[in-house]
Amino acid sequence: LLLPYLPAMAGLVAAVLPIRNGHVDSAVELGATLLAAMLIARQIVVLLDNRRLMASISHQAFHDALTGLANRALFADRLSHALELHRRDLRPVTVLLIDLDDFKTVNDSLGHPAGDELLIRVSERLRAVVRAGDTVARLGGDEFAVLMEDGGDPVQLAGRILASLEHAVSLGQRSVPVGASIGVATLHPEDAAASSADMLKRADLAMYAAKRSGKSTMCLYSSDMEHTASGELDLRAALAAAVNGEQIDVAFQPILLADGSLGGFEALARWNYDGAPVPPGVFLPIASRLGLSARLDELVLCKAAREATSWGGCLVLSVNLDGQTLSETGFADRVLDVLSETGLSPQRLAVEVLESSLIEYDEPALDTLRRLRSEGVRVVVDDFGAGYASLVRLQALEPDVVKIDRSLVAVDAPPDQSTALLTGVAQLAHQMGAMVVAEGVETESQLSAAIAAGCDAVQGFLLGRPTTARLCREIVTRDRTAERPGTTTHAWVPRQAPAER
Ligand code: C2E
Ligand code: CA
Ligand code: CA
């Protein structure tokens, strides 16, 4: 840093010496002045440069490089500062934790650049809806946070955030829906000792409660959530015991053919803990984390298959299989064993696999499906239209049935008309040679839209909620005696005889 000054000083001294000796040379004088001026100028440039660099380094240290929002360090700093102010003059402090729903699916199926782009779009929307003075941060991954320090209604803000994410984000040619789960933690005067880590943990608990209650929603922190969090540990042990002790129950939801006749039932896992039902959305992910999915799925299959043999006729039993289950070696054989033990013919079994897990299927999973199909079991792609599975992969799977996701069926259309989307998806599935089931049919107008779109079968609360095995048998008997003049089609007949495959 100092080296350039040495020759410069030497030059200056050499120039000034003759002046002291009484020889004044105007050229030397001019040179010396110029040299001094340039030195000063250089010094100023260096100072300014350093200041700019420092500013950018400290900005980088406290901001997220991708979105430009505050990062975790700055957020934590602002939060602890806000908590100190709260202790001094009870200024309100609220943390909103925002976690995108299903971001992993976007990242996996569309690639990381698309994922990054989505995060940037989301950060812009967040910035647009917060109030001036709120701190918006990206804490990492797909997790964002907002700090409200000067009052204001966090519920309103959460509502604005959810509304801002209602419109899909366009990434290149695609339009990708985004949803978020928001947890809100507000500091109350009675627990002023809470640290910033406590606040983040509370917002996190509330956020998970929001995720559990169905995504794209918000939840306020309450102290009993602490118990559910520690309760998850109990839940894990209890679930493992229930699966091993075969205490998982099965509910059956009817699937009706377009002509109104009964086509079959979907088996849905049910679990009661402490006398209360635990939603499948809660216990299935726990089972998956515990590596219990395959046992659970097999248990449901066993119980349901035993029941299905009593229905008689050609009613089809549909069971759900997790991606993990499919990858388990020998699972196809276990399914076939269950079929021979219970006496249910393979043609009367359908296995439902999620569209979203299609992209994750490895060779063993595809082998399981191929093996089952070669024995005559039907393969159903579930929740179609909710994920982003590539059509190439879908076609490679050659599904026998495509179940159109609730979200596409719930779109409101004028009576007796279907939306272009529903019709398009149904046509696509038909072109692949699959039959089409519309799920989540809740209203008469959704039913007529599904029929108008060409769906072969329908399932939903309007036609029957998931029910007990006993009530199922009643439904079967009622269907058998029902008068349906002029209806002969039976779409559940396999589109190809298994032997021809
Ligand atoms: P899914 O396969 O899409 O099953 C249909 C879900 O939608 C069921 O929720 C059902 O109760 C609900 N449903 C049916 N009709 C309607 C309707 O008209 N409106 C609305 N809003 N909902 C309707 P459930 O029983 O909570 O199951 C949730 C998910 O858990 C299932 O979604 C399935 O993916 C999974 N699942 C359930 N049982 C099993 C199982 O034994 N094994 C595996 N691997 N997954 C299972
Ligand atoms: Ca299903
Ligand atoms: Ca489904």
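Index from 1, following the sequence. Counting starts at 1 for both ligands and their atoms, in listed order.
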**Test: Asp383 and Lys403 ion pair at under 4.0 Å** = no
**Asked** Can you name the N/O/S atom of Glu266 that is nearest the Ca ion (ligand 2)?
**Response** OE2
**Request:** Please confirm if an N, O or S atom belonging to Asp405, backbone or side chain, lies less than 3.0 Å from the Ca ion (ligand 3).
**Result:** no
**Request:** Check all N, O or S atoms of Asp382 and name the one closest to the Ca ion (ligand 2).
**Result:** OD2
**Prompt:** Is any side-chain N of the basic residue among Arg470 and Glu307 closer than 4.0 Å to the acidic one's carboxylate O?
**Reply:** no
**Request:** Tell me yes or no: between the side chains of Asp101 and Ser181, is some donor less than 3.5 Å from an acceptor?
**Result:** yes
**Asked** For Asp383, what is the atom name of its N, O or S atom nearest to the Ca ion (ligand 3)?
**Response** OD1
Pick out the protein N or O atoms lying less than 3.5 Å from any N or O of ligand 1, and list each pair with its distance.
residue  : atom   : partner : partner atom : Å
ligand 1 : 2 (O)  : Glu266  : OE2          : 3.2
ligand 1 : 2 (O)  : Asn320  : OD1          : 3.2
ligand 1 : 2 (O)  : Asp382  : OD2          : 2.9
ligand 1 : 3 (O)  : Asp383  : OD1          : 3.3
ligand 1 : 7 (O)  : Arg406  : NH1          : 3.1
ligand 1 : 15 (N) : Gln253  : NE2          : 2.9
ligand 1 : 18 (O) : Phe461  : N            : 2.7
ligand 1 : 19 (N) : Glu442  : OE2          : 2.4
ligand 1 : 21 (N) : Glu442  : OE2          : 2.9
ligand 1 : 22 (N) : Arg406  : NH1          : 3.3
ligand 1 : 25 (O) : Arg270  : NH1          : 2.8
ligand 1 : 25 (O) : Arg270  : NH2          : 2.8
ligand 1 : 38 (N) : Ala269  : N            : 2.9
ligand 1 : 42 (N) : Asp297  : OD1          : 2.7
ligand 1 : 42 (N) : Asn320  : O            : 3.4
ligand 1 : 44 (N) : Asp297  : OD1          : 3.0
ligand 1 : 44 (N) : Asp297  : OD2          : 3.4
ligand 1 : 44 (N) : Asp322  : N            : 3.4

**Asked** Salt-bridged, Asp64 to Arg72, with N to O below 4.0 Å?
**Response** no
**Glu398 and Val379, any side-chain heavy atoms less than 4.5 Å apart** = no
**Asked** Would you call Glu328 and Arg334 a salt bridge, taking side-chain N to carboxylate O under 4.0 Å as the test?
**Response** yes
**Prompt:** Parallel, tilted or perpendicular for Trp271 and Phe283, by the 30°/60° rule?
**Reply:** perpendicular
**Message:** Check this for me, if you would: do Asp134 and Arg131 make a salt bridge, where the nitrogen-to-carboxylate-oxygen distance has to be below 4.0 angstrom?
**Reply:** yes
**Request:** Please note down the angle at the Ca ion (ligand 2) between OD1 of Asn320 and OE1 of Glu352, to the nearest 10°.
**Result:** 90°
